[in-house]
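Encoded as C-alpha cells, the structure appears first; notes follow it.
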There are 2 protein chains.
Amino acid sequence: MESVLTEAVALLDEAGPSALTFRALAQRLGGGVASIYWYVASKDELLDRATDHVIGMVLADIEALPEQDDPIDALRAMALTLFDAIVERPWLGSYFMRNTDLQNNSLRLWEKLGQQSLRMNLTPRQRFHAVSAVTGVVVGSAVDLGQEPPAEVLDGAVSRDEFLGRFVATWRELDPAEFPFVHEIADEFEGHDDVDQFRSALDLTLAGLRLQAGG
Amino acid sequence: MESVLTEAVALLDEAGPSALTFRALAQRLGGGVASIYWYVASKDELLDRATDHVIGMVLADIEALPEQDDPIDALRAMALTLFDAIVERPWLGSYFMRNTDLQNNSLRLWEKLGQQSLRMNLTPRQRFHAVSAVTGVVVGSAVDLGQEPPAEVLDGAVSRDEFLGRFVATWRELDPAEFPFVHEIADEFEGHDDVDQFRSALDLTLAGLRLQAGG
DNA sequence: ACCTGAACACCGTTCAAGT
DNA sequence: ACCTGAACACCGTTCAAGT
C-alpha cells in the first residue's frame, strides 16, 4: 500500500496527473494492472489517498511551525506552508480537501486552521466562513498553477518568461481604449511571481478577517 | 459552430463534464465524431469555447448592472453575478479563465473587474493582485461546487441535506478534544449555503481591499 | 468548405482464475 | 490474503476518402 502511494506520487510529480494511469503505475510496481484494485477501489480513491499522503507531510511542517501570539499570523504561516507545497506539486491543488472521509490529513489540516479561528472573537458561523475563505484563497490561487503548462515549457524548450511573454504580446495588441486595465497590468503580468500573487490575496482576506474580529 | 457549442453546453448542463464526449455530442448533432474536429482542434478547445460561450451571457448580465459610485460595491456586484452563473453551472468553475486566448469573453470580464480597480487608489501591481484575488475567491469557492456530487444526489434519491448530514455524522464521532473546531462548526456545515459562504469570503477580501485603498 | 467510417492507441474497471 | 491475464466498454484523435 505504502509503495503504491509513493509510486503514484512519483508519477504525479514527474509528469502530472495525465501520467498517472493504472498501467503506468502497475509497470513501476512490477505487477499487473488489476493488482492495484486490491488496495484501492477506484482512480478517485487513488488520487485522494495519494494527495492525503503528501498532505501528511505538509501537516507535519505546519505542526512544526513556531507558536504565534496572533492567530491571524498563525493562519498566514500555515496557509503559506500549504501553498509552498502546492507550488512544488501543482497537482495537489486539484485534489486537496476533495473528500475528507478519505483525506484524513486534510481534515486535520483544516482543523489546525480552524483552531486559530477559535482564538478569535467570532461567531461559529464566522469561524466556518473564515476558514473556508482561507482555504478558498489557497485553492483559488492553486488552480492557476495546476493548469498543466504546454509540453514545450516542461521540456525547457521555452522558458516560463517566454511563455508569459506570448500572452502579454497579444494583450498589448488590444485597443487600449477598450482594454485599459489589461494594458495597465501588462508589465506586472510579465514575469509575475505566483507566491507574491497568493500572498497578496491571502493578506487581503486576513486584513478583512482582522477587521471582522475587531482588531 | 454555434450549434456545436449550444449542444456541448446542453450536455454539460444535463450531466456534467463526464457526459461531454465527442461521441455523445456527435450523436446529438446527428453526425459523425470526426465532424466536430472541423470546428475545434481538441477537446480542450471545445471546453474553452463552450465556457466562453456562456461567459458571454454572464458578461452581458454584468454590463447590464446599474452603475455604482463605489468601485468596491461594483466589484462585489460583478463577482456575485459571476458566482450565480457558476452555481447554476458548476462545471463553469473548472474552465473559466483557463485560456484567455480562446476565452475572449473571460478576458473582457476580467477587464471589467479591472476597470473598477482603476478607479481606486492603488499601484498597478496592487490592481493586478486585487483582481486576481477577487477571481481567486470566485474560483476557490466554485471548486467546491464543481465536485460532481454522487449520482444518488443527482438522481434525487438522496437530498443534499442528507448528503451533508452523512459527513457531519462522521465528524461528530471524532474526539472533541482533538477536533474542537470540527465540532464547533458541525452545526453550521449542516445545511450551509454555498452562496453565503462565497459572499463571506468575498466580503473579507473586499474589506481588505478597501483598507488597502485607504478607505 | 464540410462531413464520414473506420481505425489507432489509449483509458478505467471487472472477473474468473491462480498462489 | 494477495496477485494475474485477458477481456470489456469506453475514450480522444487521425486519416484517407467522400460530397
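Letters A, B, ... are given to chains in the order of the sequence lines, protein chains preceding strands, and every chain is numbered from 1.
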(request) Give the nucleotide from the list D/dT14, C/dG12, C/dA7 with an atom nearest to the side chain of A/Y37. (result) C/dG12
(request) Using the P atoms only, state how far C/dC2 lies from D/dA17, rounded to an integer number of Å. (result) 22 Å
(message) Counting the atoms with a prime plus P, OP1 and OP2 as sugar-phosphate, which does A/L20 contact under 4.0 Å by heavy atoms, base, sugar-phosphate, or nothing?
(response) sugar-phosphate
(request) For A/Q27 and C/dC10, give me the distance from atom CD to atom P, rounded to whole Å. (result) 12 Å
(message) Let's test this: given Watson-Crick or G-U wobble pairing with both distances under 3.5 Å, identify the partner of C/dG5.
(response) D/dC15
(message) Nearest whole Å is fine: how far is C/dG12 C1' from A/L25 CG?
(response) 13 Å
(request) Indicate yes or no for a side-chain donor-acceptor contact from B/K43 to the backbone of B/T21 under 3.5 Å, with no hydrogens or angles considered. (result) no
(request) Looking only at non-hydrogen atoms, find the nearest pair between B/T6 and B/H53 and report the distance. (result) CG2-NE2, 3.8 Å
(request) To the nearest Å, give me how far apart NZ (A/K43) and C1' (D/dC10) are. (result) 14 Å
(message) Parallel, tilted or perpendicular: which one describes the rings of B/F167 and B/W171, with boundaries at 30° and 60°?
(response) perpendicular
Short heteroatom pairs, N/O only, protein and nucleotides 2-6 of chain C, under 3.5 Å:
| from | atom 1 | to | atom 2 | distance (Å) |
| --- | --- | --- | --- | --- |
| C/dC3 | OP2 | B/Y39 | OH | 2.4 |
| C/dT4 | OP2 | B/G32 | N | 2.7 |
| C/dT4 | OP2 | B/S35 | OG | 2.6 |

(request) Among B/I86, B/V138, B/V87, find the residue that satisfies the side chain to side chain contact (heavy atoms under 4.5 Å, CB included) test when tested with B/F198. (result) B/V138
(message) Distance check, rounded to the nearest 0.5 Å: A/L92 atom CG versus A/L145 atom CG?
(response) 10.5 Å
(request) Assign each of A/A24 and A/A41 to its nearest nucleotide of DNA chain C by heavy atoms, then name whichever residue's nucleotide is nearer the 5' end. (result) A/A24
(message) In this structure, how many angstroms lie between the P atom of D/dC11 and the CZ atom of B/F22, rounded?
(response) 12 Å
(request) Indicate, with yes or no, if the rings of A/F181 and B/F128 have centres closer together than 6.0 Å. (result) no
